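Reviewing the structure listed below.
By convention in this document, chain letters (A, B, ...) are assigned in the order of the sequence lines, proteins followed by strands, and residues within each chain are numbered from 1. Bear in mind the structure is a predicted one, so any value in this text is a computation, not a measurement. What's counted below: heavy atoms across the whole structure, side chains too, no hydrogens, waters or symmetry copies.
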There are 2 protein chains.
Amino acid sequence: MRPTKRDELVAKALQVFYRNGFHATGMDMLVAESGISKTSMYKHFRTKEDLILASLRLRDENFRNWLFRRMEELADTPRGQLAALFVALSEWFREDTYRGCMFIKASAEFQEADHPIHAQAAEHKRLLFSFVRDLAAKAGAKDPTGLAYSLLLLKDGAIVTAHMGYADDPAAAAAHAAEILLEAALGPVN
Amino acid sequence: MRPTKRDELVAKALQVFYRNGFHATGMDMLVAESGISKTSMYKHFRTKEDLILASLRLRDENFRNWLFRRMEELADTPRGQLAALFVALSEWFREDTYRGCMFIKASAEFQEADHPIHAQAAEHKRLLFSFVRDLAAKAGAKDPTGLAYSLLLLKDGAIVTAHMGYADDPAAAAAHAAEILLEAALGPVN
DNA sequence: CTATAAGTGTACAGATCGGTTCTCTTTGTC
DNA sequence: GACAAAGAGAACCGATCTGTACACTTATAG
């Protein structure tokens with residue numbers, strides 16, 4: 001089952017939007033970079049906004065699959081996996097295609113909270129939160145919600161800091177802070 | 001010494017860029033909103049990019065003045081002022097004009113690290129870091145740089161989380177995490 | 001073979017983009 | 001009151017924006 005033209009288009013649009021931004025990317029650029037005709041693009045997606053939403057859906061799927069899998073590979077206890085979140089982040093930051101968080105950037109370009117693109121970006125963050133909170137609960141935290149929020153603040157802070165490039169190693173700083181928070185919430189490691 | 005036309009223009013451009021985004025705001029919109037003629041705008045600023053840079057300079061000045069002053073008002077010890085950072089943030093988040101961090105959004109729309117706008121946004125973060133690191137040193141931290149980075153990760157994480165609007169009270173979560181980090185770095189409060 | 005669907009390529013519409021040019025009016029100063 | 005500087009207002013330029021129209025080519029299935 002080879003990928004359909006539609007899937008190829010979305011995958012390529014995802015790359016270009018991520019690299020170049022949403023407003024700054026025109027449909028003509030997508031035609032040039034994807035090799036798919038404008039006619040086909042507008043047959044699959046009625047508007048640019050629809051294409052952006054599809055790109056974000058794919059990104060959400062890819063990113064969560066990658067992150068959750070990587071956290072499970074790196075550790076086999078809930079607590080270890082929470083710490084591994086920041087190891088995975090540091091790997092991501094080192095990729096030369098790293099350009100920050102696509103959802104933060106999407107919500108920055110489409111600011112109104114009720115805008116479909118903004119809303120979908122927020123949904124991605126909610127899904128991450130729910131995963132991390134469940135892990136925190138499994139790890140035995142008394143306040144899994146609070147611990148999850150704290151860790152995700154460090155994560156998003158590190159993501160934007162790594163993208164702005166004014167700090168040496170934001171992933172390491174986040175990992176260090178996370179270790180302290182984990183110890184405060186769960187006690188010292190065995 | 002009344003404000004010059006130029007200052008009025010920059011102040012208004014700052015508002016519109018902050019509310020509406022950079023690419024999404026056209027010069028015609030600025031003409032309409034500021035009541036200043038296009039001729040004058042282009043006499044003061046050769047390009048839109050120059051106007052954006054001037055807006056960011058003003059924002060940097062306003063924001064640091066406000067934040068540093070507020071932290072000093074809220075506490076009189078270095079440690080207390082570091083904690084007060086998150087009280088000030090929570091006040092900011094509650095303003096109905098709150099739209100996230102203008103510098104994060106600027107670096108999201110102008111992604112290349114060597115782009116003047118991206119570079120200037122990073123400079124703002126560096127100035128904040130330097131202030132917080134000095135406070136951490138005055139508070140007696142063994143690793144002021146590390147403590148400052150950790151606190152600023154929480155701060156930027158809270159800022160983007162508050163803007164995306166998927167969490168109840170990111171400022172409170174950040175304040176709670178910061179309290180733990182401060183205790184770990186500086187020992188229990190007297 | 002043929003009917004149908006999917007895709008290509010290109011020209012185009014109407015609006016808006018950043019930026020320029022022009023004329024006319026206001027404003028402050030000696 | 002004369003004069004220069006600054007600003008207003010609007011037309012305009014070429015480029016680009018999202019989205020459409022149309023004529024042509026491929027691929028697939030009965």
Side-chain angles (χ1 to χ4, degrees), chain A residues 1-58 105-106 108-112 115-118 120, chain B residues 1-57 102 105-106 108-112 115-118 120:
Chain A
M1 212 167 87
R2 351 190 297 276
T4 69
K5 288 274 175 184
R6 185 194 152 110
D7 292 342
E8 288 176 29
L9 167 59
V10 176
K12 192 69 196 182
L14 164 53
Q15 283 180 33
V16 180
F17 283 135
Y18 181 61
R19 187 198 328 135
N20 203 57
F22 298 95
H23 285 106
T25 300
M27 299 300 266
D28 289 335
M29 181 186 295
L30 291 174
V31 167
E33 296 247 357
S34 70
I36 283 158
S37 72
K38 214 168 182 181
T39 318
S40 298
M41 287 186 34
Y42 276 96
K43 183 162 308 197
H44 288 302
F45 302 98
R46 274 183 45 259
T47 64
K48 181 183 182 181
E49 182 177 311
D50 284 351
L51 179 54
I52 293 176
L53 288 170
S55 300
L56 289 179
R57 270 190 295 272
L58 178 60
K105 296 192 292 185
E109 289 206 49
F110 304 91
Q111 305 204 56
E112 299 78 24
H115 191 293
I117 294 177
H118 191 111
Q120 185 162 319
Chain B
M1 212 167 85
R2 355 190 295 277
T4 70
K5 287 275 174 184
R6 184 194 150 108
D7 292 343
E8 288 176 30
L9 167 59
V10 176
K12 192 68 196 181
L14 165 53
Q15 282 180 35
V16 180
F17 283 135
Y18 182 60
R19 187 199 327 135
N20 202 58
F22 299 95
H23 284 106
T25 299
M27 299 302 266
D28 290 334
M29 181 185 295
L30 291 173
V31 168
E33 296 247 357
S34 69
I36 284 159
S37 72
K38 217 168 181 179
T39 318
S40 300
M41 287 186 32
Y42 276 96
K43 183 162 307 195
H44 290 301
F45 301 98
R46 273 182 47 259
T47 64
K48 181 184 183 182
E49 182 176 311
D50 285 350
L51 179 53
I52 292 176
L53 287 169
S55 300
L56 289 179
R57 271 190 294 271
M102 190 165 188
K105 296 192 293 184
E109 289 206 49
F110 304 91
Q111 304 205 58
E112 299 78 25
H115 191 294
I117 294 176
H118 191 110
Q120 185 162 318

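- A sub-4.0 Å separation between OP1 or OP2 of D:dA6 and a side-chain N or O of B:His44 is absent.
- When all heavy atoms are compared, the tightest approach of A:Met29 to A:Ala24 is CE-O, 4.3 Å.
- Computed from coordinates, the B:Asp50 CG to C:dG18 C1' distance equals 13 Å when rounded to whole Å.
- In this structure, B:Glu8 atom CD and D:dG7 atom P are separated by 10 Å, rounded to whole Å.
- Annotation: side chain of B:Glu49 is in contact with side chain of B:Pro116 (closest heavy-atom distance under 4.5 Å).
- The shortest heavy-atom contact between B:Leu9 and B:Phe45 is CD2-CE1, 3.8 Å.
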In B/S/- notation (B base, S sugar-phosphate only, - none; protein heavy atoms under 4.0 Å), nucleotides 11-23 of chain D written 5' to 3' is -------BBBBB-
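- One can place CE of B:Met41 at 13 Å from C1' of C:dT20, the figure rounded to the nearest angstrom.
- Between B:Glu109 and B:Phe22, the shortest heavy-atom contact is OE2-N, 3.1 Å.
- The minimum heavy-atom distance linking B:Arg6 with B:His44 is given by the pair NH1-O, 3.7 Å.
- If you take CZ of A:Arg6 and P of C:dA5, they are 18 Å apart, rounded to a whole angstrom.
- In this structure, B:Phe110 and B:His115 have tilted ring planes: the angle between them lies in the 30° to 60° band.
- The distance from atom CD1 of B:Ile52 to atom P of C:dC17 is 13 Å, rounded to the nearest whole Å.
- Straight-line distance from the CG atom of A:Leu30 to the P atom of C:dG9: 16 Å, rounded to whole Å.
- Look at CD1 on B:Ile36: it is 15 Å from P on C:dT27, rounded to the nearest Å.
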